[in-house]
Amino acid sequence: MIRDLHEWPKTEAEAVAIQERLRPLVRVEDPPQVRTAAGLDVAYRDEDEIVAAVTVLDVTTLSVVDSAVVRGKAEFPYVPGLFAFREAPSLLAALAELSVRPDVLVCDGQGLAHPRRFGLACHLGVLTDLPAIGVGKTAMGRYEPPAEQRGSWSPLHQDDEVVGRALRTQPGVKPVFVSVGHRYTLDAACDLTLRLAPKYRLPESTRTADHLGRMQP
DNA sequence: GCGACAG
DNA sequence: ATCTTGTCGC
């Protein structure tokens, strides 16, 4: 179910090699019916102490139906492009404590919108084989600002390909950056993001996970 | 040398 | 990510 957890990298070169090995396992396809969505977020404390929080929401009511929190240590430094190696171990531990298996992971970061097309959402999706999407707060690539109204979007380009979308979840507010993680399509990922963000810029799933992690003593 | 750089 | 005052809006 969860692969490669016992061979976490010690160097950046090992980390890149793992990304390139797992990258072909990403599948882009229509997701099955989504009734619950998990929001994942990590809060940072002192030095390398981190708190991984996961909340599972009913996509229709946006109510929290399950949650888990795990305190841990960052086993990898923050390196742009290798973000998953810092947060994924604790997030996977938190996911393992859930009693409800979510239909999709909504990750705080990128999926295919990544220099090697294997961001956090792809990594978590492949390791768990759960559908996953990435909803980031900053762009990894170039884009034209979408129209000001909620729901409008524009393609996010990296090199010469479309790796995601800049999606306006609230009128007149900076867009979020949506990309496929695993077993999802870009269209479906944007639909889900809009359903999860009826009131604020970020999906309710990441907001509740963020609050939960921040609340931990 | 200068700017970029998920969280 | 986190460090931080006041301000605007619901």
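Here is the naming used below: chain letters follow the sequence lines, and residue numbers restart at 1 for every chain.
Counting any heavy atom pair closer than 4.0 Å across all strands shown, A:R214 reaches sugar-phosphate atoms only and no base atom. Nucleic acid contact for A:G119: base, since at least one base atom lies under 4.0 Å from a heavy atom of the residue. If you check every strand for non-hydrogen atoms under 4.0 Å, A:L120 touches a base. Among the atoms of the strands shown, base atoms are found under 4.0 Å from some heavy atom of A:G81. Residue contacts for A:L40: at a heavy-atom cut-off of 4.0 Å it reaches no nucleic acid atom on any strand shown.
A:E20 and A:R23 are not joined by a salt bridge, as no carboxylate oxygen comes within less than 4.0 angstrom of a charged side-chain nitrogen. The pair A:R195-A:D191 fails the salt-bridge criterion, with no side-chain N (NZ, NE, NH1 or NH2) lying under 4.0 Å from an Asp/Glu carboxylate O.
Rounded to a whole Å, the CG atom of A:D210 is 18 Å from the P atom of B:dA6. Between the CZ atom of A:F76 and the C1' atom of C:dA1 there is a distance of 17 Å, rounded to whole Å. Remark: P of B:dC5 and CD of A:Q110 are 11 Å apart, rounded to the nearest angstrom. Atom P of nucleotide B:dA6 and atom CD of A:Q158 are separated by 11 Å, given to the nearest angstrom. Atom-to-atom, CZ of A:R45 to C1' of B:dG7 comes out at 16 Å; the value is rounded to the nearest Å. With rounding to whole Å, A:M140 atom CE is found 14 Å from B:dA4 atom P. Nucleotide B:dA4 holds its C1' atom 15 Å from the OH atom of A:Y143, rounded to whole Å. For the pair A:F177 CZ and B:dG7 C1', the computed distance is 15 Å after rounding to whole Å.
The side chain of A:A43 sits closest to C:dT2 out of B:dC5, B:dG7, C:dT2.
Taking 4.0 angstrom as the limit, A:T138 places a side-chain polar atom (N or O) nearer than this to OP1 or OP2 of B:dG7. The side chain of A:K137 places an N or O atom within less than 4.0 Å of a non-bridging phosphate oxygen (OP1 or OP2) of C:dA1.
A:Y78 and A:E87 are not linked by any side-chain donor-acceptor pair at a separation below 3.5 angstrom, with hydrogens and angles left out of the test.
Using bins of under 30°, 30° to 60° and over 60° for the plane-to-plane angle, the ring pair A:F85/A:H123 lands in the perpendicular bin.
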**OP:** Applying side chain to side chain contact (heavy atoms under 4.5 Å, CB included), run through A:L112 and A:E161 and close with a yes or a no.
**Re:** CA-CA 11 Å; A:L112 291 175; A:E161 49 184 307; over 6 Å; no
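A:Y78 qualifies as a stacking partner of the B:dG7 base, centre to centre under 5.5 Å and near-parallel within 30°.
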